[in-house]
Amino acid sequence: MPTDTIAVPPPAPPEEDHFPHRHAPGQRPFDPVVIRQALVQTFTKLTPWHMVKAPVLFVVYIGSIWSTVLFVRDFSSNSSSDNVFSALVVAFVWFVVLFGNFAEALAEGRGKAQANSLRKARAETVAHVLQPDGSTVDKPSTKLEVGERVRVEASEVIPGDGDVVQGMALVDESAITGESAPVIRESGGDRSAVTGGTRVLSDRIVVTITTPPGETFLDRMIALVEGADRRKTPNEVALLVLLVGLTLIFVMAVATLQPFAIYSGAHQSVIVLVALVVALSPTTIGALLSAIGIAGMDRMVQRNVLAMSGRAVEAAGDVSTLLLDKTGTITYGNRMASEFVPVGGHEELELARVVLLSSLADETPEGRSIVELCETRYELTPVDMPGAELVPFTAQTRMSGIEWDHRSIRKGAADAVQRWVEERGGQVPPDLAPVVEGIATGGGTPLVVAEGSNVLGVIHLKDTVKPGIGSQFAAMRTLGIRTVMVTGDNPLTAAAIEKEAGVDESMAEATPEDKMDRIRAEQAGGRLVAMTGDGTNDAPALALADVGVAMNTGTQAAKEAGNMVDLDSDPTKLMDIVEVGKQLLITRGSLTTFSITNDVAKYFVIIPAMFYAVFPKLSDIDILRLHNPHAAIVSAMIFNAIIILFLIPLALRGVKFKAMNATAQLRRNLLIFGVGGFITPFILIKLIDLLIIGPLGVH
Amino acid sequence: MSPTNWVQIAAVVVLLAISTPLLGNYMAKVYGKEKAPGDRFFLPIERFIYRICGIDAEGEQRWSIYVISMLVFTLLGTLALYLILRVQGHLPFNADSQKGVAPDLSFNTAISFATNTNWQNYAGETAMSHLSQMFGLVVKQFVSAAVGMALAVAFIRALVRRRRTTLGSFWVDTVRSITRILLPITFVFAIVFMSQGAIQNFHATKTVQTVATQTVDSKGQVTRTQSVPGGPVASMVPIEGLGDNGGGAFNANGAHPYQLPNPISSTLYIWLALMIPFAFPWTFGKMIGSLRQGFVVLTAMVVLFSVGLFIAAGVEGAGNPKFPKGVSQAATASHPGGNLEGKDTRLGVGLSTLDANSITATSTGTTNSAHESFLPVGGTVPLFQIMLGEVDPGGTGTGLYGMLILVFISVFIAGLMVGRTPEYLGKKIQARETKLAAVYILVLPFTVLVFSAVAIVITPGLKSLSASGPHGLTELVYAYTSQAHNNGSAFAGITGDTMLYNITGGVTMLIGRFALIIAALAIAGSLVRKRAVPVTAGTLRTDTPLFTGLLIVVTIIVTGLTYFPVLALGPLAEHFSGGF
């Protein structure tokens, strides 16, 4: 609870975990089925045209083929100890490629499983197309054209994306959102959009088809979760450029090493040179890069957010301003009773009793919240009121009330109630005006309560800020992200909620144009903006924002304009989206750092081993004191391959993300992945040599 | 190390502490749009130069035009120098009747001085006329240094400006570098060096009778004569140092008494060489409006520089471990101490290693000792300093943008770890910048390794080496590293004036200079167009000690990973095998 004045339990309980992970069947991270499929794909991905897409791995791939050929060619002429050495090196060079493919297949597998379940929803259905004369003609959903009107009856599947133009229905959208509670779809307004593949549960609606078959939301969703047309994101491309550059220079450094070695009288076998290239190239990140990207998109999907491009996920990490709609994001949107303030010497409990009577029959959200407050704070129980007569709220009277048991109770706007009391010869106590004014200034709504000619007190209604939202904003602030609340409220109310919710800034009385101007202004200053929206009038702003998250309940226009769709239609999720974006970049950077710092240890191990024959003293560099030169090289190669396997879970889950400022974030990750990257290989290579290679007797 | 050496090193530190902020602030004003000190004196001179050269002083250039201007300017200058060298025999100021320089040597030398390398496959006193020295080499020493400074300034502007296309005017930046920075300082120092005994004349070489025996040949014939050269030396030394050129009038270069007559001159010379490169990060900080950012670059430079000096001076100062026990190599009143092979006893280990470290950490290359005679680890220091890319502090201007490109690499790797796409000073480092930065970082190791790998297995390459085994490899790798990185210092031992080394050396110098400049300016051209992202708590801070440390580590790793194998077969093999 943000303040102790609010004693009303919120209508919708807050989710304990604000990352609702909803796993479709077969979507658990390391499901045996997914693993089995991934194992198969590990090998089917070995074609050159697939390998060339991952340039670092491609170099390793070429090296593994080359060394295999040489191994086979020289098998009979080599000594058996040489053959054991070569076989081990060749095997672990291959493992680098295989583990890379496996990581990618595993990352894709989780999406594939979900895509399969979505495909079931896309199964061809029959559409009843309305003719001008009112009759219907049946045709397959795949033959529908944009602009055609179709009638959908209860228990039928909606044949394509469109807008409801007639009627209203309960629709089961669980096939797409995973949410089993049906939603209402009706013509006109912001709840008119329906999605092909969802099922009408009741009533009958007429839908105008807006998307040609094959390009529907479901189709796009399948393509997205499957990663069918996954393109490399800008930062991924940039990183790949750097990695390819590094790989090239290592290839050169090793290729030129042979002449230097020949000069020094230490001619090297090609297998050893291949081993060196593979050890030095940034294979760890090279093998996991694609998996990291896919897994990042997948993490969005697990949060029920569909990112239309990886670029949008990346942009989410860079966002520095969040435009948040007040209603639904920051507050529950309903005005709820937070306290009862008695005036004119009346008791608080007395006031509460009267208030309870006045509201028992009031079915508005405000009315319900008043009853709840009576029950929880004053432990009053609703009484039976036979023969009670409800006085409904009207725009003229601006108050509501009840006539029961010869009692007249009213609650409503201060001036209206005042007039009512005075008409009955009553007097308004002098302490009423300050109380009313105080509540209004604080952004709340005062409801004055009177019985007969007596004014008893005031109900304080306020727009309730979602509990816990303040700490989320604080976390955003730590990350250097400004939160801006957008509201149609007057500046006074906006300021009060701004303060209570802890947003950095608020835009009061905002129109859609104001929102656009604000986005443009932010972008002109170099800031990236994220926002959510659902209405058609949000569409231009959604399109303009760097990250525009459309609510699934929103209109078709909004969904097309944004670059993400939140299937849960929970605007608070914007902050999760930012975190997923950041986590993706952090994972990429951390594994790159780890991969590069690993090289130092590998050098210390491999170089002295290579030149042991000519410069035995060079092994003084090898501080690990490994068994022998061959054991050293094999140990390094084993480390080089298995580290990829060890890091797959990290690549798929992402590096643990904590909200902290950039310098702290850098220090933490540099310590773990930078310093860790220096130390880990020394330890693991020594262990491999000690426990596996030494006992095996490689020499 | 002798106490005198300590005083000399301390003197350089103090002088730099004074000159860095003064010169740094001054240069920021010279390259800024506002009024600069001395406008009243310099502006008329510059306007006159602009008028006779037809330069539009207000005209700004995009990166491509800036580069083309530089290329054309340098190419024409190189051609002019080549011609002067070829026909110097027919030109005046040739007291010693030097003949025209051979085509391949002229090629190598012209490129060498045009690229600020000053690799010398000749001995000045036996190959160059006074005119070639004055109007050929010294002119190139001024302009090549000025070009480097202009490029650095263009690079800084790319980070300062937002959503623009132009980087300034190559012509104006070059002219102002010469008139306002290089000429005034060198003018003063020419007089200072003359006062210390550096010569300034047009005399022919004199043969003098000496009291002491000079040489005794194999037949026991005693010579008591010595050739004493003349020349306009005092006017060359200051720009040789200040411009980080390093090409001297004489073969012995920094060790020649007519050039740097005493330890005071040698100390001042080292200061000169370090003066502009260390001032540039300060200028950078001033121009971008954040001295802290400048300090990060400066600190990284100082740390890398100091570590090199510490190792070299430590190893050389400790003396040769192969000496029999009981032979003291400690400094005494009569003995400077340490490993003195190939070193001038006037300078001792201290000034020799300070020089070796300073002239390789910058692009100077004026050796005053034989790096070849350093112990293997001691000799690795100057080699590694060059391999670092001459960024600590590097050449005039080139050091700054070299270091800034390493900053980009650091930002790129580490920046991701804070959960944002990488940015530096608000400018996003994206695929294009990364690609060009990768080219910048990789092109030189590539060049050095390929040329060395070829030369090491062919007879003409091997014939020039004076040593076999790891030491011979080091000689060769040092030669290509020095030329590719435009340093110009020699490890000594290698015979460079052969067709193979003249031509391949010339080619590596060209690649080393121009491939890097084009890559650097292309980055600048891309950055200048970008808007700047404002700083928030989520921004990777690049003005912290943490980032400074990261930058240092990245610099070492990037170099280390590329060159480690060849260093292992060269100096490290020599060190561990004890074959020295």
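Residue E522(A): no heavy atom, backbone or side chain, is found under 4.5 Å from chain B. Only the side chain of F611(A) comes within contact range of chain B, judged by heavy atoms closer than 4.5 Å. Of the two parts of L239(A), the backbone and the side chain both hold a non-hydrogen atom closer than 4.5 Å to a non-hydrogen atom of chain B. For I556(B), no part sits under 4.5 Å from any heavy atom of chain A, backbone or side chain. Within the 4.5 angstrom heavy-atom criterion, atoms from both the backbone and the side chain of L242(A) approach chain B. Contacts of T478(A) with chain B are made by backbone atoms alone, with heavy-atom separations under 4.5 Å and no side-chain atom involved. Contacts of R477(A) with chain B are made by backbone atoms alone, with heavy-atom separations under 4.5 Å and no side-chain atom involved.
Per-residue heavy-atom pair counts under 4.5 Å with chain B were compared for M660(A), R668(A), K582(A), R482(A), and the maximum is reached by K582(A). Between chain B and the residues T663(A), I249(A), N661(A), the most heavy-atom pairs under 4.5 angstrom are made by I249(A). Taking G426(B), P445(B), S452(B) one by one and counting their heavy-atom pairs under 4.5 Å with chain A, the maximum is reached by S452(B).
Proximity of a side-chain donor or acceptor of K435(B) to a complementary backbone N or O of V241(A) within less than 3.5 Å is not detected.
Applying the 6.0 Å contact sphere to CZ of R311(A) captures no more than 12 heavy atoms from other residues, nucleotides or ligands.
The aromatic rings of F564(B) and Y603(A) are tilted relative to each other, their planes meeting at an angle between 30° and 60°.
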